[in-house]
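As C-alpha cells, the structure follows; a few thoughts come after it.
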Amino acid sequence: MFIPNSVTGITLIVPKDYSDKLVTSLMLTEKFHPAELSIAYPGSYNNEILRYSQEIEGKINKFSSILSDINIYGIRNGGEIKVSKWIETAKSISAEYDMLEKEIEPIISELKSSKSDREKIDAFLKEIEPLKDLDFDLNEEKKYGYLGFKVGYIDIEMIPSFLEKMRKFNCYIFVEKGEESNVAVILYKKEDEKEIEKILAESGFSEVVIPKDLPSNFHLAYEELKKKISEFDKKIEELEEKIKAKEVYLKDLYSRMYTVKEALRIYSQIKNTDYFSYVRGYIPAYEAEKIISFIKKALDNRILVIWEEITLKAVKEEKLPTEIKVNKLLKPFSMLVENYGYPLPHEIVPIYFMAITFPIIFGIMFPDLGHGLLVLLFGIYMIKASKGREGWYNTGLLAIYLGIAGMVTGILSGEFFGSLTNLSQLLWNGHPLIPSPFEEGSLSIYFLINISLKIGSILLISGTLFGLINSLMAREYFDAVAIKLPKFLAFSLALYPFLIYSPSVAGGLIKEAVFGGPGFEVMLIRFGVLASLFMLLLFEPLFYVSKKRVKAGISALTTSFIETFETGIMLIGNTASFLRILGLSVAHIGVIYAFTIMALLVWKGTIGAIAGITIYIFGNLLAAALEGIVVFAHTMRLHYYEWFTKFYSGTGIPFKPATPFARIVMI
C-alpha cells in the first residue's frame with residue numbers, strides 16, 4: 001500500500017518451435033514485463049520480428065492520431081485475434097491497416113478540411129451579419145471615378161472624435177449602433193481618400209472587404225455564405241456518417257493491432273538458438289507461482305524456468321520496474337505523483353498521503369462554497385467530456401475532490417460567492433470556524449498562521465522521516481546514519497513546537513533556543529538541533545579519518561559542509577514557505593472583498609443594481625478561475641519542492657506488462 005509491490009525476475013527457456021505459444025501464454029497472464037537478456041545467453045534475435053515490431057509501433061501511433069481526429073479514445077478491449085505464428089499475424093494486421101488507411105485517410109482529410117473551411121466561412125458570416133441589410137453593389141461606385149466607398153466597424157468611444165474630424169469633408173456617413181462597435185458606411189470623394197484613410201486608421205476603423213469569389217453586395221454575400229454553410233454541414237454530416245459506419249471495425253482493428261504490438265514487444269526480446277528460445281522479464285512476486293503454473297500448463301510443461309535472486313544491488317544497477325496498485329478513485333493523486341516521477345522499488349509511495357494533504361491545503365487556500373461548487377462542476381464536465389481519455393477523467397476526478405475540499409472550507413468559513421450572500425451569519429452568526437480577516441481581524445491571521453505552520457511541520461517532519469526509512473529499506477545504513485537521521489532530528493526538534501503549541505508559544509521557544517534562554521525544552525531544541533547539524537557536518541569526514549583515509553575525509557568535509565548549510569537554509573526557508581497557505585487564503589478573501597466593495601459602490605437604483613450584480617458575478621468568476629489555478633500551482637509546489645525533496649527521488653521505471661486489447665485465440 002505505502003511501498004511498491006515486489007517483482008521477481010525470471011528467464012524462460014522453451015523449444016524453439018514453442019516460441020509462439022510462449023508469447024501467447026505470457027500475453028494471457030497480462031503480468032509479464034519483458035526485459036533484455038544477459039549477453040551470457042547464446043543465440044540471436046529475429047531481425048524480421050524486430051522490423052515488424054518497429055513498423056507496428058509506428059502504425060499504432062498513426063492510428064491513434066487518426067482516431068483522436070474523429071473523437072475515438074480510450075479503446076481497451078474489442079475484437080478477437082486468431083494466432084498461429086505471431087510474425088504472420090503481424091504481417092496480416094499491417095497489411096490490413098494499410099488497406100484501411102488508404103480508404104479512411106482521404107475521408108478524414110476531407111472532413112478536417114471541410115470543418116476548417118466551414119469555420120472560416122462562419123467567422124466571416126458573423127463579421128458581416130450586421131451589414132446584411134446593405135443591399136447594393138459596392139462596385140457601382142467604380143462607375144464614378146470620383147467616388148470612394150468604405151464599410152466596416154468603428155469603436156463606440158472613437159465615434160465623436162471621428163465625426164468631428166470628418167466634418168471638413170463633403171461625404172456621406174451612416175453609423176448604426178452596436179454593443180461594442182458600430183457599423184460605419186462612408187461615401188466620399190476619391191481626392192480625399194488618403195486623408196480619410198488616415199483618420200479611419202486613427203479611429204480604429206476596421207474595414208470589411210468582401211472576397212472576390214462572393215457578390216460585391218453585403219446582402220447577397222451574406223445569403224451566399226449561408227448557402228455555403230448549409231452545403232458544408234450536409235457534406236460534413238455525410239462524411240461523419242461514413243466514419244461512424246466504420247467505428248466498430250476501427251475499434252476492433254485498433255484492439256487487434258495493439259495486441260500484436262504488445263506480443264511483438266515480448267517476441268523482440270527472445271533470443272533463438274538452433275533448438276531453444278530464451279526470454280527474460282519480470283512478474284509480480286505475489287503472483288509468481290500462479291503465473292508460472294499457468295505458463296507451464298499452456299506449454300505442456302515443456303519449459304525451464306530460471307528464477308533470479310532480486311538483490312538490492314540488482315535493483316540499483318539494473319533499475320527494476322516498480323509495480324504500484326492504486327484504486328481507481330485515487331488515480332488523480334497517482335497522476336500527480338507520476339508527473340514528478342515514478343517511485344523506486346524501495347521508496348515510500350506518497351499517493352495515499354497526498355490524497356489527504358493535497359485537498360486539505362487546497363481547501364484552506366480556496367475557502368468558498370460557491371467557488372468550490374464551480375470547481376466541482378468543472379470536474380463533472382471533464383469526466384463527461386473525457387470519452388475514454390484517462391488523463392481527462394483523472395483531471396476531472398481531481399477537480400471534484402478539490403471542489404469538495406473548497407466547499408467544505410467554504411462552509412467552515414461562511415463564504416458562498418463572497419460575503420454578500422451572508423452565509424457566515426446564517427450558519428455561524430458571524431463567527432465562522434475559519435474566521436475571515438475582514439470580520440475577525442488579527443484573530444483570523446493568527447489562526448491561519450497556526451494552521452499553515454502545523455501543516456508545514458507535519459509535512460517536513462514526515463518527509464525527513466520517510467527519507468530515513470527509505471535509506472533503511474535500501475540498506476544504505478551509512479547514508480541513513482550520516483545524512484538522513486541528522487536531518488530528521490534537526491527538522492523534528494526545530495518544528496515539533498509548532499505541532500503542539502500555538503505560534504506565539506512555539507515562536508517563543510525557538511527564540512529562546514536561538515538566543516540562549518533557560519528551560520528543558522529550550523535546551524532540547526538548541527542542543528538537539530546543533531548536535532544534529534554537527535552530526536551531519538562531521539560524521540562522514542570522521543568516519544573516513546578513522547579508516548585512515550584522510551584525503552577522502554577532507555573531500556567529505558566539503559560535501560558535508562554544503563549539506564549542513566543547505567539543511568539549515570531549508571529548515572528556515574521550507575517552513576516559511578508554508579506561510580503561502582496564509583497568504584493565498586487572505587488574498588482569496590481580499591479579492592472577493594474588493595469586488596464586493598466595487599459592487600456596493602455602484603448599487604444605487606435599478607441600473608446601479610444591475611451594474612453591481614454584474615461586477616459581483618464577474619469578480620466571483622474571475623476569482624474562481626484565476627485563483628483556482630494559482631492555488632493549485634502553489635499546492636503542487638508545497639508537495640513537490642518542500643515535501644518530495646526530503647524523501648522521494650521519482651527516478652524509477654513503471655512496471656508495464658504486455659497487455660492484449662483483443663481476445664487471443666491460438667490456432
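Numbering starts at 1 and runs along the sequence shown. Because only heavy atoms are used, hydrogens play no part in the values below, and waters and symmetry mates are left out as well, while side chains stay in.
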Side-chain donor-acceptor distances from residues 391-405 under 3.5 Å, at least two apart:
from	atom 1	to	atom 2	distance (Å)
Asn394	ND2	Glu390	O	3.4
Thr395	OG1	Gly391	O	2.7
Tyr401	OH	Leu329	O	2.6

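- Among all heavy-atom pairs drawn from Ile291 and Pro284, the shortest one is CD1-CD, 4.0 Å.
- Using a 4.0 Å cut-off between a side-chain N of Lys or Arg and a carboxylate O of Asp or Glu, Glu476 and Lys484 do not qualify as a salt bridge.
- Summarising the geometry, atom OG1 belonging to Thr259 is positioned 11.5 Å from atom CD1 belonging to Ile56; distances are rounded to the nearest 0.5 Å.
- Aromatic ring orientation, Phe366 versus His371: tilted (interplanar angle from 30° to 60°).
- Side chain of Thr8 to main chain of Ala285: no donor-acceptor pair is present (N/O by atom type, distance under 3.5 Å, no hydrogens or angles).
- Side chain of Lys454 to main chain of Tyr501: a donor-acceptor pair is present (N/O by atom type, distance under 3.5 Å, no hydrogens or angles).
- If you take CD1 on Ile653 and OG1 on Thr322, they are separated by 7.0 Å, rounding to the nearest 0.5 Å.
- With respect to Glu36 and Arg280, no salt bridge is recorded, no charged nitrogen being found less than 4.0 Å from a carboxylate O.
- The ring-ring contact (aromatic ring centres under 6.0 Å, His included) analysis of residues 466-485, with sequence neighbours excluded, yields the pairs Phe353-Phe466, Phe466-Phe647, Phe478-Phe539, Phe478-Phe543.
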Exercise for review: Evaluate the side-chain contact (heavy atoms from CB on, under 4.5 Å) criterion for residues Phe578 and Leu459: first the C-alpha distance (whole Å), next the side-chain angles of each, then the deciding distance (0.1 Å), finally the verdict.
Suggested key: CA-CA 10 Å; Phe578 278 89; Leu459 287 182; 3.5 Å; yes

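- Residues forming a side chain to side chain contact (heavy atoms under 4.5 Å, CB included) with Ser532 (at least two apart in sequence, or on another chain): Leu489, Ala490, Leu493.
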Practice item. Begin with the C-alpha distance, continue with both residues' side-chain angles, and end with the deciding distance and a verdict on side-chain hydrogen bond (donor to acceptor under 3.5 Å, both in side chains) for Ser577 and Glu642. Key: CA-CA 8 Å; Ser577 187; Glu642 270 73 23; 2.9 Å; yes

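- When only modelled atom types and interatomic distance are considered, Ser334 and Glu338 share a side-chain donor-acceptor pair under 3.5 Å.
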